[in-house]
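Step one of this worksheet: look at the structure below.
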Amino acid sequence: MSKLQPARGTRDIYGEEARNMAAVVETFQKVAATYGFEPFNIPIFEFTEVFKRPLGDASDIVSKEMYTFEDRGGEELTLRPEFTAGICRAFISEGLQQSLPCRLIAHGPAFRYERPQKGRYRQFHQIDAELLGQENPEADVDIIAMAWRILSELRLADKIVLELNTLGDQESRAAYRAALVTYFEGHKESLSEDSLRRLESNPLRILDSKDEGDKRIVAGAPLMSDCLNGASSAFFAKVKEGLDAIGIPYKHNERLVRGMDYYTHTAFEFVTTQLGAQGTVLAGGRYDGLIQKLGGPAVAGVGWAGGIERLAMLAETGKVPARAVVIMPMGEEAVLEAHKIAEDIRAAGIVVTADRSGNLKKRLNRANKNNASFAIIIGDDELSSGTATVKSLDDGEQTQVPFAELAAAVAGKK
RNA sequence: GUAAGAAUAACUCAGUUGGUUAGAGUAUUAGUUUGUGGAUUUAAGAGUCAUGGGUUCGAAUCCCAUUUUUUGCCCCA
């Protein structure tokens with residue numbers, strides 16, 4: 001800590017940005033509720049094992065990006081790098097298999113020790129949805145539809161495309177992985193250094209390489225669709241059929257793979273070209289074996305997470321602070337009366353702030369700058385008559401209004 | 001973790017081949033006594049030129065290190 005500034009990759013969020021982020025979360029909650037999803041809050045940190053096991057030791061998140069620490073009791077803890085693992089742990093801890101299916105949403109900060117860039121921070125914020133206990137492909141359709149509706153409500157539909165792929169079930173995935181390894185082993189000498197490493201850790205990721213040389217090799221690589229067994233391709237067909245039925249546009253991207261080891265079957269990403277390399281705005285997939293891997297029952301799951309910062313940057317929510325009524329008491333006695341009046345007006349759901357310092361000119365100036373709708377002036381004259389001076393800051397019109405009628409006088413007129 | 005840029009007032013940015021007291025716009029405050037805003041105008045405050053070293057008679061300017069940030073890669077929301 002050299003100066004009084006936020007630690008690398010963290011920041012203070014306020015003003016328009018904070019409003020936009022709040023709007024994203026509100027839209028998310030509102031839409032999710034119409035799909036029958038309910039809030040589910042999990043801790044911000046867990047035992048390290050909770051993330052290590054499902055994500056896979058070789059994944060970058062586990063090997064270099066986790067905020068892991070030992071607490072005073074000597075426990076190994078980790079700040080959550082994502083939500084899914086924690087929710088699955090909670091599902092087991094709370095014995096929720098009694099109440100399947102579970103439709104759960106969560107939102108809040110997550111942490112990854114990465115190189116910061118715009119739209120990529122060490123503390124970032126996600127919205128998250130998980131649907132547990134539904135093995136059928138219709139569940140995938142449901143949860144993608146929900147994501148699409150949220151993005152539409154945020155008016156992002158024309159800035160974002162849905163990319164879709166299947167990784168198949170365990171068997172198909174293993175077969176594909178083997179086919180890829182065989183193929184890339186044959187091109188070892190021309191693969192990039194990164195991809196040689198990936199050949200060991202996560203061969204599927206080579207498909208996603210940005211390296212030009214790799215891309216040429218990848219072009220000739222075997223396709224997932226050729227390795228799918230009957231059940232897996234039937235599953236994927238159903239998902240596509242469902243999306244077609246409700247008119248959600250998507251692009252089948254054979255090269256789409258995901259970082260986490262736990263995905264099976266459907267994988268999808270909502271992508272924009274407007275955020276540079278941070279174009280993935282919301283992404284997820286199916287993770288049928290995950291809960292079992294954590295030591296729970298065999299329960300299917302499908303879900304996604306969206307980056308709130310990234311969504312907020314794209315969405316023009318147009319959210320502005322509500323215009324306030326500013327109450328301006330002149331003198332000691334008026335201050336007390338102003339408290340009472342302010343409370344009365346707020347009880348009617350109107351935004352009221354008080355400005356008690358400076359001469360009237362200054363206060364009106366400030367009120368105007370803050371885009372207030374009305375000024376309510378209370379001085380000695382008003383106290384004795386029981387009526388306040390109400391001044392519209394839009395047209396300057398001024399009227400005397402009895403204290404009891406102020407809320408009505410100021411309501412609705414914006 | 002890796003490569004290349006950037007850092008000057010609250011904000012956006014000028015600042016010549018290294019030369020005296022580092023500028024502008026926006027914003028802020030004030031232009032007077034406790035009761036009337038928005039425009040114009042006048043004035044003022046505001047900067048350890050990111051931090052620490054070095055070169056030089058002299059550094060915002062050149063060199064090195066550190067910190068933060070931006071754009072790629074890695075990876076991901």
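Residue numbers begin at 1 in each chain, while the letters A, B, ... track the order of the sequences. Everything numeric in this text was worked out from a predicted model, so none of it was measured.
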Quantified in whole Å, what is the [atom1] atom distance between nucleotide [N] and nucleotide [M]?
N: B:A6; M: B:C13; atom1: C1'; value: 14 Å
N: B:U41; M: B:G5; atom1: P; value: 43 Å
N: B:A22; M: B:U8; atom1: C1'; value: 8 Å
N: B:A50; M: B:U70; atom1: C1'; value: 15 Å
N: B:U56; M: B:G19; atom1: C1'; value: 12 Å
N: B:A10; M: B:C57; atom1: P; value: 35 Å
N: B:A7; M: B:A60; atom1: C1'; value: 11 Å

Distance check needed: [N] [atom2] versus [X] [atom1], whole Å only.
X: A:Ile13; N: B:A77; atom1: CD1; atom2: C1'; answer: 14 Å
X: A:Ile105; N: B:A77; atom1: CD1; atom2: P; answer: 19 Å
X: A:Glu309; N: B:U70; atom1: CD; atom2: P; answer: 12 Å
X: A:Lys118; N: B:C73; atom1: NZ; atom2: C1'; answer: 20 Å
X: A:Lys369; N: B:A10; atom1: NZ; atom2: P; answer: 18 Å
X: A:Glu269; N: B:C75; atom1: CD; atom2: P; answer: 13 Å
X: A:Glu65; N: B:C74; atom1: CD; atom2: P; answer: 13 Å

Has [X] got more than 12 heavy atoms of other residues, nucleotides or ligands less than 6.0 Å from its [atom1]?
X: A:Glu138; atom1: CD; answer: yes
X: A:Arg149; atom1: CZ; answer: no
X: A:Phe47; atom1: CZ; answer: no

Got a list of protein N/O to nucleotides 1-4 of chain B N/O distances below 3.5 Å?
from : atom 1 : to       : atom 2 : distance (Å)
B:U2 : O4     : A:Arg115 : NE     : 2.8

* Is the distance from OP1 or OP2 of B:G72 to the nearest side-chain N or O of A:Lys210 less than 4.0 Å? ->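 False: A:Lys210 side-chain N/O out of range (4.0 Å or more) of B:G72 OP1/OP2.
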* Under 4.0 angstrom between A:Gln117 side-chain N/O and B:U69 OP1 or OP2 -> no
Just wondering, do [Y] and [X] contact through their side chains at under 4.5 Å, heavy atoms?
X: A:Asp140; Y: A:Phe235; answer: yes
X: A:Phe403; Y: A:Glu337; answer: yes
X: A:Arg173; Y: A:Leu204; answer: yes
X: A:His265; Y: A:Ser232; answer: yes
X: A:Ile206; Y: A:Leu180; answer: no

* Mind telling me whether A:Trp148 and A:Phe270 have parallel, tilted or perpendicular rings, with 30° and 60° as the class edges? => parallel
* cation_pi(A:Arg120, A:Phe124) dist<6.0 Å, angle<=45 ->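 That pair does not qualify as a cation-pi contact.
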Considering only nitrogen or oxygen atoms on both sides, find all protein atoms under 3.5 Å from nucleotides 32-42 of chain B and state each distance.
from  : atom 1 : to       : atom 2 : distance (Å)
B:G35 : O6     : A:Asp380 : N      : 3.4
B:G35 : O6     : A:Glu382 : OE1    : 3.0
B:G35 : N1     : A:Glu382 : OE1    : 3.1
B:G35 : N1     : A:Glu382 : OE2    : 3.0
B:G35 : N2     : A:Glu382 : OE2    : 3.0
B:U36 : O2     : A:Lys391 : NZ     : 3.0
B:U36 : O2     : A:Gln398 : OE1    : 3.2
B:U36 : N3     : A:Gln398 : OE1    : 3.1
B:U36 : N3     : A:Gln398 : NE2    : 3.1
B:U36 : O4     : A:Gln398 : NE2    : 3.0
B:G37 : O6     : A:Gly396 : N      : 3.1
B:G37 : N1     : A:Leu393 : O      : 2.6
B:G37 : N2     : A:Asn368 : OD1    : 2.3
B:G37 : N2     : A:Leu393 : O      : 2.4
B:G37 : N3     : A:Asn368 : OD1    : 3.3
B:G38 : O4'    : A:Asn368 : ND2    : 3.2
B:G38 : N1     : A:Leu393 : O      : 3.3
B:G38 : N2     : A:Leu393 : O      : 3.1

* Salt bridge or not for A:Glu343 and A:Arg346, using N-O below 4.0 Å? -> yes
[N] - base-pair partner by Watson-Crick or wobble geometry, distances under 3.5 Å:
N: B:G72; value: B:U2
N: B:A9; value: none
N: B:G19; value: B:C57

Would you indicate what [X] reaches in the nucleic acid, counting non-hydrogen atoms under 4.0 angstrom: base, sugar-phosphate, or nothing?
X: A:Ala305; answer: sugar-phosphate
X: A:Phe83; answer: nothing
X: A:Gly279; answer: nothing

* Want to settle it: does A:Phe270 or A:Arg197 sit nearer the 5' end of RNA chain B, counting the closest nucleotide to each? -> A:Arg197
* Between A:Phe124 and A:Gln278, just flag the one whose closest nucleotide in RNA chain B comes earlier from the 5' side. => A:Gln278
* Structure fact -> Quick note, A:Lys362 side chain, CB onward, closest among B:U69, B:A30, B:U28 is B:A30
